[in-house]
Asks: 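I have a structure I would like to understand better, so I am pasting it below and will then ask my questions one at a time.
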Amino acid sequence: MFPHNMFFLIRIVFCLFILHTVDALALSPGMDEEEALLGLYGDKEMISIATGNSKPIAKAPAVATVITAEDIKEIGATDLDEVLETVPGLHVARNPRGYNPIYTFRGIFSQFNSQVLVLINGIPITNLFFGDRNQVWGGMPVQAIARIEVIRGPGSAIYGADAFAGVINIITKTKEDIKGTEVGARAGSFDTWDTWTLHGGAWSGFDIAVMLEYGDTDGQQETIDADAQTFLDSRFGTDVSLAPGPVNLQRENFDARLDIARGHWRLRAGLQRRRNVGTGAGVAEALDPKGRFASDRWNADLTYYNPEFFNENWNVKAQLSYLDTSQEVEEDVRLFPRGADFGGIPEPDFPVGVIGNPEVFERHIRFNMSAFYTGFKQHQIRAGVGMHYGDLYDVKEVKNFTLDSRGLPRPLGSLRDVTGDLSQAFLRERDRKNYYLFLQDVWRFSNDWELTAGVRYDHFSDFGNTINPRLALVWLTRYNLTTKLLYGRAFRAPSFAELFNINNPVALGNPNLDPENLETLELSLDYHPTNELHLTLSLFHYWWNDIIQFIPHPKTNINTAQNAGKQTGFGAELEAGWKLTPNFHLLSNYAFQQSTDEQTDENAGNAPHHQIYLRGNWEFLPHWHLSPQFNWVIDRARASGDNRIEIDDYSIFDLTLRRRAIKEHWEVAFSVRNLFDVDAREPSPVGTLVTPIPHDLPLAGRSFFGELRLHF
């Protein structure tokens with residue numbers, strides 16, 4: 001009954017949209033529509049990733065969300081994942097390896113989550129190896145974040161590869177965002193503590209911002225009660241599994257960022273250092289309490305931006321950027337524990353465990369230049385060119401096993417460095433060159449109508465060419481109601497693991513792969529019936545083709561990457577923001593999606609069909625803020641071939657109490673997460689013959705955090 005009730009609710013809200021247009025406030029005489037929108041929505045609701053130019057979110061040719069630093073403080077978030085879980089149509093699931101986040105947009109789910117493009121200040125942080133943010137992610141603290149802009153839906157016509165199911169742009173703070181010096185610290189459950197220092201000021205004509213963050217945690221230690229080794233024990237008569245046992249989620253983070261600006265130039269540089277990063281539920285989904293990864297992510301970019309390059313009609317931006325990223329091993333990573341046996345010899349095959357220490361090093365150089373031209377009446381034209389050079393320049397591996405034709409480990413005799421040995425290494429060193437150009441026209445063909453048409457051409461050195469268009473028709477139905485009809489096509493580039501994996505019969509690469517592609521059609525209504533109430537409704541339908549999957553060869557039974565899958569989906573997202581009193585406001589959203597695996601004609605699985613989010617902020621005394629939030633994840637089906645019962649729903653309630661302006665400069669906050677200690681779980685992957693972790697991945701129980709800030 002629930003889905004029907006929700007559809008009924010959507011229909012009611014849609015009717016209210018129409019009825020309220022009759023009574024909507026008229027545009028004040030002489031007021032420009034853009035000014036009216038700014039007055040209604042405020043600067044907070046400006047967004048730039050939809051077109052490359054700042055624009056009121058209501059008029060942006062995309063379904064988008066903006067989250068500010070104030071929003072992040074309001075919910076007491078400590079990590080990027082906690083922030084993104086509040087976005088309608090976006091759910092954060094988990095990969096067993098390191099519990100890396102899976103940002104699931106509108107039912108598009110995959111273990112490595114390479115269908116989502118994450119940008120920092122507009123620059124991709126995608127790694128070549130798996131097409132994700134790095135296998136050693138280790139979380140991302142939030143103190144340096146000024147705002148997060150999220151597009152739900154495709155963005156390849158602007159951003160190219162991997163702007164597929166959604167785009168997340170993280171914008172770091174500048175001098176204007178910090179305004180002085182801030183020092184803060186946080187401590188809480190799981191032996192967690194964080195500290196940060198921010199400074200923004202001027203020096204010799206330069207605007208300077210410096211941000212340092214350091215954090216250390218043992219991580220939540222919820223119990224995995226059965227793992228891959230549990231199954232192997234039952235098959236080979238051993239008893240060495242470490243399950244039941246806790247997940248391994250400790251980590252140590254250091255983040256440093258520098259932002260220097262003068263005139264038309266801006267230089268940014270950063271380091272994200274990750275140490276002691278635990279293996280989560282195990283690299284091979286067998287518990288490994290001692291394995292440790294590390295990673296360094298160095299970045300720098302030099303940007304030139306001139307809004308009046310030749311004259312007021314030319315707006316030019318050029319950017320050169322560099323990213324160096326690594327996946328390293330600090331302590332031996334055990335795929336299977338000590339005493340693991342696969343029936344090959346009378347004694348245990350692996351008395352010290354199956355050890356595999358893969359390391360990968362990449363560098364990325366990007367250059368792009370774009371220009372807006374507004375000299376033609378009613379048109380804003382944007383054109384640009386760019387290139388990306390990605391180099392997976394070093395692959396290292398130390399291991400004590402090889403794999404037989406069934407994918408089972410066989411001893412190598414000792415721990416061996418097989419770096420450079422193409423008969424044993426897991427991946428070849430490769431590089432990728434990508435050249436592209438794009439063109440976009442925003443045509444305001446009447447006072448109330450605007451058409452955005454764009455197309456981008458990409459050439460890749462390893463898989464060829466792709467062209468991705470988009471169309472967006474935006475109708476300012478009334479000054480407080482906007483209607484959008486959107487079409488977009490996107491592509492996801494095959495990762496190097498999918499193209500070039502070797503010596504791995506369970507996941508062998510295929511250099512003849514094509515990119516995955518996606519077409520999406522959306523209808524969105526954005527309505528502000530009063531200054532206190534804001535409603536949006538978005539409907540979408542997508543077609544996801546050429547999904548890359550590892551398919552067993554009928555004769556050899558070896559799994560090889562192939563463009564084999566197809567998925568379709570549709571759904572709706574409803575958002576509401578309501579300022580009930582000057583001191584109390586509510587935010588809420590509801591998302592529904594239904595996705596189908598077209599090969600099996602069954603539900604695509606893993607992603608929630610329904611998600612409800614509710615948050616309040618109440619200033620009950622001067623400078624005292626109470627912010628409860630509630631997240632309800634509902635109805636997750638299993639993927640085709642997974643015969644387990646459906647995973648349970650869960651609802652998590654968090655609470656944050658904040659006191660600002662203590663003796664003018666001090667601020668203190670206290671948060672409790674998962675207040676009612678709910679047993680919440682995310683789906684574990686299904687195997688071909690057996691599911692390694694049958695009872696899914698447990699999330700953190702009740703936890704507490706206290707925070708202190710000094711701003712001067």
Side-chain angles (χ1 to χ4, degrees), residues 2-3 91 93-97 99 102 104 106-113 222-238 241 243-245 247 280-287 335-336 342 406-408 505-507 544 547-554 557-562 564-569 571 592-611 633-650 678-699:
F2 182 79
H91 173 59
R94 295 289 164 183
N95 185 312
R97 301 177 185 184
Y99 263 44
I102 300 173
T104 307
R106 298 174 165 180
I108 296 179
F109 177 99
S110 71
Q111 284 297 321
F112 296 110
N113 200 212
E222 296 293 324
T223 299
I224 298 287
D225 52 11
D227 64 2
Q229 185 60 45
T230 305
F231 167 76
L232 294 172
D233 285 347
S234 66
R235 181 174 176 184
F236 296 108
T238 53
S241 171
V247 291
V283 171
E285 299 182 59
L287 289 173
L335 281 68
F336 298 100
F342 301 92
R406 300 168 296 171
L408 291 175
V506 297
W544 178 12
I547 302 173
I548 299 172
Q549 299 173 331
F550 286 92
I551 304 296
H553 190 281
N557 210 33
I558 293 176
N559 293 323
T560 305
Q562 297 179 31
K566 183 177 181 181
Q567 180 174 316
T568 59
F592 160 76
Q593 65 83 25
Q594 178 75 38
S595 300
T596 302
D597 181 336
E598 293 295 326
Q599 286 183 311
T600 61
D601 200 30
E602 296 180 5
N603 194 288
N606 295 312
H609 291 154
H610 309 275
Q611 192 173 357
V633 177
I634 306 166
D635 194 15
R636 289 167 293 175
R638 298 293 187 183
S640 176
D642 188 342
N643 297 319
R644 291 176 291 174
I645 60 172
E646 289 189 7
I647 188 169
D648 288 341
D649 304 339
Y650 67 80
V678 170
D679 180 15
R681 291 171 186 263
E682 290 299 328
S684 58
V686 60
T688 305
L689 300 175
V690 63
T691 299
I693 299 177
H695 303 131
D696 298 304
L697 306 173
L699 303 183

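Numbering of residues begins at 1 and proceeds along the displayed sequence.
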Asks: Taking N603 as the fixed residue, which of E646, R636, H609, R638 is the one that meets the side chain to side chain contact (heavy atoms under 4.5 Å, CB included) rule?
Replies: H609
Asks: Do you know which two heavy atoms are closest between W544 and F109, and how far apart they sit?
Replies: CH2-O, 4.1 Å
Asks: Residues in side chain to side chain contact (heavy atoms under 4.5 Å, CB included) with I548, at least two apart?
Replies: R492, P494, E498, L513, E516, A561, N563
Asks: Under the side chain to side chain donor-acceptor pair (under 3.5 Å) rule, collect the residues that match up with R97, sequence neighbours excluded.
Replies: none
Asks: Which atom pair, heavy atoms only, marks the closest approach of T238 to L232?
Replies: OG1-O, 4.1 Å
Asks: Got a sec, which pairs hit salt bridge (charged side-chain N to carboxylate O under 4.0 Å, His left out) with one end in residues 596-605, sequence neighbours left out?
Replies: none
Asks: Do you know the tightest heavy-atom contact between D696 and E682?
Replies: CB-O, 3.3 Å
Asks: Keeping the roles fixed (side chain from Q229, backbone from A243), state whether a donor-acceptor pair exists under 3.5 Å.
Replies: no
Asks: With sequence neighbours excluded, tell me which residues meet ring-ring contact (aromatic ring centres under 6.0 Å, His included) with F231.
Replies: none
Asks: Spell out, as yes or no, whether a donor-acceptor pair under 3.5 Å connects the side chain of T223 to the backbone of G245.
Replies: no
Asks: Got a sec, which residues hit side chain to side chain donor-acceptor pair (under 3.5 Å) with N113, two or more places apart in sequence or on another chain?
Replies: R133
Asks: Using every non-hydrogen atom in the two residues, find where G107 and S595 come nearest and quote the distance to one decimal.
Replies: CA-OG, 3.8 Å
Asks: How would you list all residue pairs meeting salt bridge (charged side-chain N to carboxylate O under 4.0 Å, His left out) that involve residues 225-238, not counting sequence neighbours?
Replies: none
Asks: So, for S110 and I102, which heavy atoms are closest and what is the spacing to 0.1 Å?
Replies: O-CG2, 3.3 Å
Asks: Any idea which heavy atoms bring L697 and P96 closest together, and the distance?
Replies: CD1-N, 3.9 Å
Asks: For H695, does its backbone N or O pair with a side-chain atom of R681 as donor and acceptor, under 3.5 Å?
Replies: yes
Asks: Please round to the nearest 0.5 Å and tell me the distance separating atom CD of Q611 and atom OG1 of T104.
Replies: 9.5 Å
